[in-house]
Amino acid sequence: MEYNDLGKTGLKLSKLSYGASPLGGVFRNISEQDGIKTVHTALDLGINHIDVSPYYGLTVAETVLGKALKTVPRDKYVLSTKAGRYGSDFADFDFSAARIRTSLEESLARLQVDGVDILYLHDIEFGNLQQVFDEAIPCLMDLKKEGKIRYVGVTGYPIKIFAETIERFDIDCILTYCRYALHDTSLERLIPELDEKGVGIVNASPTAMGVLTSRGAPDWHPAHKDMLAAGAKAVDYCKQKGIDITQVALQFAIDHPSITSTLVGTANPANIEKNVKWAENKADPELVATLRSFFDGVPNTWPSGHPEYQD
């Protein structure tokens, strides 16, 4: 396993990180025992960063992860969780300082730890950015000064929200998803500025939330039908070549030198082993070019959050 610096934090994260949302049954019903075993397998294989949120499974993911980490020495992993998002509707977002502080304490209890390494504001494009900037991020900065968290970050989908955030604040890292993958590399336009400011980049969902998998996108996927169709064609192309498209998608996403770590999520120990093995090699450039060409001229982004915050 390779380890990379997370911006200027001093943290070194494994090239692959574990995204714990599947522990909450987000994609399918899972066995708690399998979930716990997956966490332990990830750590045994050298993955040292785990990301979760109270939103995943409506606190279930944090609870299961807490059980998994109970027997693991605290210095063996870098742990991040989030605050601000507690459901799927706009009404389920709360970026007030009081709720953030309460949310952190609730997360620590579920995770059975004394502190987290990174606290993110979760999907800030669904909140009021003025409140995020005036109240929520200053709250995280205060929590950092108080020693209750080590580092501050934000997550979301539109690139625009990250650009505005790092223009105003010296945050430590961002967690972005579906914006550096085979179907869409638009994160690249912000990477020079992130690098210049020393903001670490954690990249999630290299499979575009299931589009670049043999199983295909879930019914709730927000992408345009033309993008989903392009994804299906790319999957079929790989099948004809005897290749698992998820392998190519993962290898492509982790290969950018400015991306510290890429999150992979599963509740199956065999899958985490497979991901780690795939990460040892690089994707074939010609195959990557062919797969990316399927998305030429196709609307490859989707709305997320308030209309004014879209790219």
Side-chain angles (χ1 to χ4, degrees), residues 4-13 17 49 51-55 78-86 90 93-105 107 115-180 186-204 256 258-261 263 304-311:
N4 299 318
D5 293 323
L6 181 67
K8 54 189 178 184
T9 64
L11 294 175
K12 281 191 173 292
L13 304 188
S17 292
H49 175 42
D51 175 75
V52 71
S53 168
Y55 169 56
V78 175
L79 180 62
S80 63
T81 192
K82 308 179 183 75
R85 181 168 195 171
Y86 309 102
F90 282 98
F93 288 80
D94 187 345
F95 291 104
S96 66
R99 184 68 185 100
I100 289 168
R101 286 182 173 272
T102 301
S103 181
L104 175 60
E105 294 304 318
S107 290
V116 294
D117 298 290
I118 305 165
L119 184 63
Y120 291 104
L121 296 177
H122 198 172
D123 293 346
I124 59 174
E125 71 268 25
F126 285 88
N128 180 309
L129 277 190
Q130 199 59 50
Q131 183 188 34
V132 169
F133 293 153
D134 291 347
E135 186 174 357
I137 294 180
C139 175
L140 262 59
M141 297 295 189
D142 287 343
L143 288 168
K144 183 178 177 179
K145 290 175 186 174
E146 295 164 20
K148 294 183 178 178
I149 63 174
R150 295 178 67 191
Y151 301 106
V152 169
V154 299
T155 85
Y157 179 71
I159 304 299
K160 179 180 179 180
I161 61 168
F162 297 123
E164 293 189 24
T165 300
I166 65 173
E167 183 179 339
R168 294 170 180 247
F169 295 96
D170 186 21
I171 63 170
D172 299 303
C173 51
I174 65 165
L175 197 165
T176 173
Y177 69 97
C178 294
R179 302 309 292 266
Y180 188 79
S186 51
L187 180 68
E188 284 187 308
R189 68 176 184 256
L190 188 62
I191 284 178
E193 190 173 351
L194 292 165
D195 284 347
E196 182 183 351
K197 293 177 180 290
V199 179
I201 305 170
V202 177
N203 184 35
H256 196 290
S258 292
I259 292 175
T260 301
S261 189
L263 290 167
S304 179
H306 294 288
E308 62 266 34
Y309 303 146
Q310 307 309 305
D311 294 333

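Keep in mind that what you see is a predicted model, and the values were worked out from it rather than measured. Values below: every heavy atom of this structure, side chains too, minus hydrogens, waters and symmetry copies.
Taking each heavy atom of Gly7 and Thr260 in turn, the nearest pair found is N-OG1, 4.3 Å. The two residues Gln310 and Pro158 make their nearest non-hydrogen contact at OE1-CG, 4.3 Å. Summarising the geometry of Leu119 relative to Ala83, their closest heavy-atom pair is CD1-N, 4.2 Å, with the distance given to 0.1 Å. Considering all non-hydrogen atoms of both residues, Glu135 and Ser96 come closest at OE2-CA, 3.4 Å. Across all their heavy atoms, Ile171 and Val199 have their closest contact at O-CG2, 3.9 Å. A pairwise comparison of heavy atoms in Lys8 and Lys197 identifies NZ-O, 3.4 Å as the closest pair.
Between the CD1 atom in Ile124 and the OG1 atom in Thr155 there is a gap of 7.5 Å [rounded to 0.5 Å]. Expressed to the nearest 0.5 Å, how far CD of Glu188 lies from CD1 of Ile259 amounts to 8.0 Å. Distance CG/Leu143 to CG/Leu104: 6.0 Å, rounded to 0.5 Å. Distance check: Leu263 CG to Asn203 CG gives 8.0 Å after rounding to the nearest 0.5 Å. Note: Ser103 OG to Phe95 CZ = 10.0 Å, rounded to the nearest 0.5 Å. Once rounded to the nearest 0.5 Å, the distance linking CD1 of Ile149 with OG of Ser80 reads 11.0 Å.
For the ring pair (Phe, Tyr, Trp, His ring centres under 6.0 Å) test with Tyr157, the passing option among Phe162, Phe126, Tyr177 is Tyr177; the others fail.
For Glu308, the CD atom sits in a packed shell: over 12 heavy atoms of surrounding residues, nucleotides or ligands are nearer than 6.0 Å. Counting heavy atoms of neighbouring residues, nucleotides and ligands inside a 6.0 Å radius, atom CD of Glu146 exceeds 12 of them.
In this structure, the side chains of Arg168 and Leu129 stay at 4.5 Å or more apart for every pair of heavy atoms. Residues Ile166 and Leu190 have side chains in contact (heavy-atom distance under 4.5 Å, counting atoms from C-beta outward). Here the side chains of Leu175 and Ile118 are not in contact, with every heavy-atom distance at 4.5 Å or above. When side chains are defined from C-beta on, Leu13 does not count as touching Asn4, because their heavy atoms never get closer than 4.5 Å. Side-chain atoms of Asp117 and His49, non-hydrogen and from C-beta on, never get closer than 4.5 Å to each other. Side-chain contact check for Leu140 versus Ile100: some heavy-atom pair is nearer than 4.5 Å. The closest side-chain heavy-atom distance from Val202 to Leu6 is below 4.5 Å. Considering only heavy atoms from C-beta on, Cys173 comes within 4.5 Å of Tyr120 through its side chain.
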>> Set out, in order, the CA-CA distance, both residues' side-chain angles and the distance that settles side chain to side chain contact (heavy atoms under 4.5 Å, CB included) for Val132 and Glu164, then state yes or no.
In response: CA-CA 11 Å; Val132 169; Glu164 293 189 24; over 6 Å; no
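Between the side chain of Lys148 and the backbone N or O of Asp142, no donor-acceptor pair lies under 3.5 Å. With Tyr151 contributing its side chain and Leu11 its backbone, the two residues share no donor-acceptor pair below 3.5 Å. Without hydrogens or angle criteria, Asp172 side chain to Val152 main chain gives a donor-acceptor distance under 3.5 Å.
The aromatic rings of Phe90 and Phe93 sit tilted, their planes meeting at an angle between 30° and 60°. Between His256 and Tyr180, the angle of the ring planes goes over 60°, which puts this pair in the perpendicular group of the 30/60° scheme.
A salt bridge links Lys82 with Asp51: at least one charged nitrogen is closer than 4.0 Å to a carboxylate oxygen.
Inspection of the His122 and Ser53 side chains reveals an N or O donor paired with an N or O acceptor under 3.5 Å.
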